[in-house]
Each structure stands twice: as structure tokens, then as C-alpha cells.
2 protein chains.
Amino acid sequence: MALRHAVLAALLDGEYSGYQLAKAFDVSLSNFWYAVPQQLYAELAKLEREGLIAGRQVIQHDRPNKRLFTVTDAGLAELAAFTATPSKPSSIREDLLVMVQAVDRLDPTPVIAQLEERAVAAAAKVEIFDRMLRRLRGELDEETFLREGDRIGPYLTCLRGRRFEQENREWCEQVTALLRARAPLPG
Amino acid sequence: MALRHAVLAALLDGEYSGYQLAKAFDVSLSNFWYAVPQQLYAELAKLEREGLIAGRQVIQHDRPNKRLFTVTDAGLAELAAFTATPSKPSSIREDLLVMVQAVDRLDPTPVIAQLEERAVAAAAKVEIFDRMLRRLRGELDEETFLREGDRIGPYLTCLRGRRFEQENREWCEQVTALLRARAPLPG
DNA sequence: GTCCCATAGTCAGTGATATGACTACTCCTA
DNA sequence: TAGGAGTAGTCATATCACTGACTATGGGAC
């Protein structure tokens, strides 16, 4: 009961095909959930069988036909029930953290390399989030948008994603500097 | 190939039984990995079969006997190989974020309640991390410890966990205040 | 003309992760 | 003297998440 609600939440933004949804999970939702297309198609099929979403065929001539899905009333009810069930906090679950945990007993060189790569990747994600935030709030400034906008959910999760990546970056940079200072690399 | 390295990293701190490891995964490592005891026992058995850890029986009279495990040289090599394989970034994967993503189309009341609970839980975890950090660095101040301490890995991952929970708390509080202001609760 | 990319989706299989129900012994408290 | 909590560990099963290989078509680059 996990991916299912993420899919329902994503479909609140409008009609999506499985393919489009996969893209959405690659960008906008990727900050708190990721899934490969195969998972999404499977989940969409299941949700449709249970009547939580409804699909309609769209005939296309220049490219393959597709099926667009929307959330039904039953789907909305399912989401409402979901918000009522207590959610347990999850942990970060990062391989990179496991590596840092063990770094004292290993050669730090490859760990440092990974931390540097990750810092760059995190900085890039921060920029992506910034662009997405600007797009979501349109011409309004953040404060006004959050007070008066009519679809702030994605904006708020985006803000969380941005904070997370920013912290990630700072931490990676701090740890890199530290490990460098402790074990000066030859050369 | 995921839990396995977390277990190896945890065993670097010294000998542990499955039971003790389960406790460690409940507190110190829980900031970046969580596993229930059954998973740990299964993983330990597998690691022992592969020669990455070695177990020894400890006879106890006042309580059940136990098996303590240590990382072997092969285990260290496995960890070293692990640090050399590129780690892909993971996402947050929080049910609570899914709820916030969907909040525009639902009754915000239960979501607000969950955000408040989570803010409190996050604050509590920050304090736990602070205590753990103090314990890890002993009498040294942070800067000195990080420069000269001989086991900084756990300290660094702990710092990351602390930052994460602090961000979590601030975000939850911000979103709570916002949703409250937008939809004044009756009563 | 061929190759690659984007769109759109399916199938089979595996390993990772989680759930629930157990055993067994000791110490401490009510 | 029963019950609960803590220590120590096992078994079976379900579900999740992910990997890799596939089909099919149209459009553009070389």
C-alpha cells in the first residue's frame, strides 16, 4: 500500500498515461518517490481493476495509442482514508551513508570521490527544484502563492525536496573537506 | 546487496550478536537504515556462510547463549569493493509527503494532525541525535573530535541524521501553520 | 537507407524487505 | 504464583521493488 497512493496523488494533477506518469515520477515526484515504468503500469492496472482510477483510450495517428487515467471518487476516498492512517517515519536509506559509517576502517579515497560526485548531483537537483518551484508559483512570489494558490501540495513537497538536497550537498562538502584534511591524498 | 553492507558497517564497531545488532539498527543506524531482527538474523547467517563475518558461541548462564560476530578480512574487502561501486542517490519515500502532495483535494485536518505529530517526533529524534553525538565525541569539542578522533564515521552519519530531522521538523511546522491559516479549523 | 530516439506498453523472473507466529529461559514485580 | 519484560533466536509466507528483455511505430539525423 505504498506506490499505490503516490500514483493516486500524482493523478490528481490531471489525466496521465502510464508513460507520462513515468516521466512525472522521474522529475516532479522523484523527490519523494521513484518507480520504474513497469511498476507504474502494473500499479495502474491494479488501481483500475479496483475502480480507484478510470482509464480512457486515446487514438493517435502520429504515435502509438495511449490510455489516460483519472482518479475516481472511490480513488479520492481511498486517498482520504490514507491520510487518516498513521504514517510511520522512514529513514534515509542511502548507500553513501553506509560507506561513510565504515570509512574509518577503509581507504577513504573512493568514498571522497563519491561524496564529491554526490555534492555536484545535489547542487544540480537544487537548481531543478528551484526551476520547478518558479514554474509552479507562476508570477506570484512564494508567500502570496502559498497563501492564495489553489494547488500548493506539489509546491510544498518540492520545498521539502529542495531542503533535503541542499542539506545533502552541504553535508557531502563538509565530509569531503574533513576526510581530505585527515588523510592528505598523495599527489 | 544493501542490508548486507549496512550490517558489515555496523559490525566494525565491535562484536555484536544478532540481538544486539537489532538494537543498534533501532538506534544508531536507524538514521540511515532500518531492519527488523528477522532480517538481521537471516543476513548474518548469509554473511557467515560467505565468510565475510565470523561468529563465536558465548555460553551464558543467567540468560540464553548467544553468537557474537566480527568482520573478517574478506568482509573488509567486500566493504572496500562496495565503496568503489557507484552509489545511486535515493529519494525520501515518505508517506507523509504523499499526503501533502494530495492535500489540496482532500480534507486537510488529518494531514495537519499527522504533520504535528511528526514535528514532535522529529524534535525528539534531534535530541536523541544530540545525545548520541555528545557520547561519541566524549570530552572533545566537535571540531577537535572530527580532526583527531579515530572513529568519526558514525559521528558523521549521525550529523546527517540530525540535519535531516531538524529539516523535517521545520518543514512540518511550516506546512502545519500554512494549512491552518488557509483552512481555519472549526472550533 | 539505416540507425537512433521518443512514444507507448508488456512479460517473466528474482532478490529484497516486511509480517506474523513461534520457542525458550531468567529475572523482577504485583 | 502468575504475569510481564528482557534476552536470544527461528520459521514460513507474503508482498515490494527492481532488472532485463521484448514488441511496435513514427520522426529525424547522417
Side-chain angles (χ1 to χ4, degrees), chain A residues 1-7 15-27 29-30 32-50 53 55-69 85-95 98, chain B residues 1-8 15-27 29-30 32-50 53 55-69 82 85-95 98:
Chain A
M1 317 294 195
L3 178 60
R4 106 193 256 92
H5 298 112
V7 169
E15 281 188 321
Y16 280 107
S17 68
Y19 190 81
Q20 290 170 308
L21 204 57
K23 302 227 134 177
F25 268 79
D26 233 34
V27 288
L29 274 83
S30 68
F32 63 90
W33 214 277
Y34 173 77
V36 293
Q38 297 95 309
Q39 286 173 262
L40 296 173
Y41 285 116
E43 200 62 45
L44 285 169
K46 226 163 94 184
L47 286 166
E48 195 183 19
R49 271 203 307 279
E50 295 173 34
I53 60 174
R56 66 183 184 92
Q57 182 86 3
V58 173
I59 310 291
Q60 299 183 117
H61 299 291
D62 54 338
R63 58 190 62 179
N65 298 335
K66 62 181 174 183
R67 302 200 63 218
L68 293 180
F69 295 94
T85 63
S87 67
K88 53 172 189 281
S90 72
S91 33
I92 303 186
R93 238 154 224 269
E94 271 272 11
D95 282 346
V98 177
Chain B
M1 318 291 196
L3 178 59
R4 103 195 258 89
H5 297 113
V7 169
L8 284 173
E15 281 188 321
Y16 281 107
S17 70
Y19 190 81
Q20 290 170 309
L21 204 58
K23 301 225 135 175
F25 268 79
D26 233 36
V27 287
L29 275 84
S30 69
F32 63 88
W33 214 278
Y34 174 76
V36 293
Q38 297 94 311
Q39 284 173 263
L40 296 174
Y41 285 116
E43 200 62 47
L44 285 170
K46 227 164 95 184
L47 285 167
E48 196 184 18
R49 272 203 307 280
E50 294 173 35
I53 60 174
R56 65 182 182 94
Q57 182 85 5
V58 172
I59 310 291
Q60 299 183 118
H61 298 291
D62 54 337
R63 59 190 61 177
N65 298 336
K66 62 182 173 182
R67 302 200 65 219
L68 293 180
F69 295 95
F82 170 61
T85 63
S87 68
K88 52 173 191 282
S90 72
S91 32
I92 303 188
R93 240 157 223 267
E94 271 273 13
D95 282 346
V98 176

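Just so it is clear: chains get the letters A, B, ... in the order the sequence lines come, proteins before strands, and each one is counted from 1. These figures come from a predicted structure and were not determined experimentally.
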Checklist entry - Does A:Tyr19 place a side-chain N or O at less than 4.0 Å from the phosphate oxygens OP1/OP2 of C:dG9? => result no
Checklist entry - Any side-chain N or O of A:Ser17 less than 4.0 Å from the OP1 or OP2 oxygen of C:dG9? => result yes
Next on the checklist: From NZ of B:Lys66 over to P of C:dT26, roughly how many Å is that when rounded to an integer?
Outcome noted: 16 Å
Next on the checklist: For a quick check of understanding: with a heavy-atom distance under 4.0 Å over all strands, which category does A:Gln38 fall into, base, sugar-phosphate or nothing?
Outcome noted: base
Item to check | D:dT10 phosphate, OP1 or OP2, under 4.0 Å from B:Tyr41 side-chain N/O | outcome: no
Next on the checklist: For C:dA16 and B:Lys46 - does any side-chain N or O of the residue sit under 4.0 Å from the phosphate oxygens OP1/OP2?
Outcome noted: yes
Checklist entry - Out of C:dA8, D:dA8, D:dT19, which nucleotide sits closest to the side chain of B:Gln20? => result D:dA8
Item to check | Phosphate OP1/OP2 of C:dT17: any B:Gln39 side-chain N/O under 4.0 Å | outcome: no
Next on the checklist: In this structure, how many angstroms lie between the C1' atom of C:dA16 and the NZ atom of B:Lys88, rounded?
Outcome noted: 12 Å
Checklist entry - Do B:Val36 and B:Gln39 have side chains that get closer than 4.5 Å, going by heavy atoms? => result yes
Checklist entry - Can you check the A:Leu40 CG to C:dA8 P distance for me, whole Å? => result 14 Å
Checklist outcome for this item: A:Leu68 CG to C:dT7 P, in whole Å, measures 14 Å
Item to check | Side chain of B:Trp33 - closest among C:dT17, C:dA8, D:dC18 | outcome: C:dT17
Item to check | Interatomic distance, B:Leu44 CG vs D:dG9 P [rounded to whole Å] | outcome: 9 Å
Item to check | Counterpart residues, side chain to side chain donor-acceptor pair (under 3.5 Å), relative to A:Arg49 (two or more places apart) | outcome: none
Item to check | Distance-minimising heavy-atom pair for B:Arg56 and B:Glu15 | outcome: NE-OE2, 2.7 Å
Item to check | Residues which pass side chain to side chain donor-acceptor pair (under 3.5 Å) with B:Arg93, listed by chain and number, not counting sequence neighbours | outcome: none
Item to check | Atom-to-atom span, CZ of B:Arg67 to P of D:dA8 - whole angstrom | outcome: 14 Å
Checklist entry - To the side chain of B:Asp62, which of D:dA8, C:dC27, C:dT17 is closest? => result C:dC27
Checklist entry - Start at the 5' end of DNA chain D and walk down; is the nucleotide closest to A:Pro64 or to A:Ala35 reached first? => result A:Ala35
Item to check | side-chain N/O B:Arg93 vs D:dA17 OP1/OP2, d < 4.0 Å | outcome: yes
Item to check | Between C1' of C:dA8 and CG of A:Asp26, the distance in whole Å | outcome: 16 Å
Item to check | Reported NZ-to-CD distance for the pair A:Lys66 and A:Gln60, which is rounded to 0.5 angstrom | outcome: 4.5 Å
Item to check | D:dA8 OP1/OP2 closer than 4.0 Å to side-chain N/O of B:Lys23 | outcome: no
Item to check | Atom-pair distance (CD1 on B:Ile59; P on D:dA8), nearest Å | outcome: 13 Å
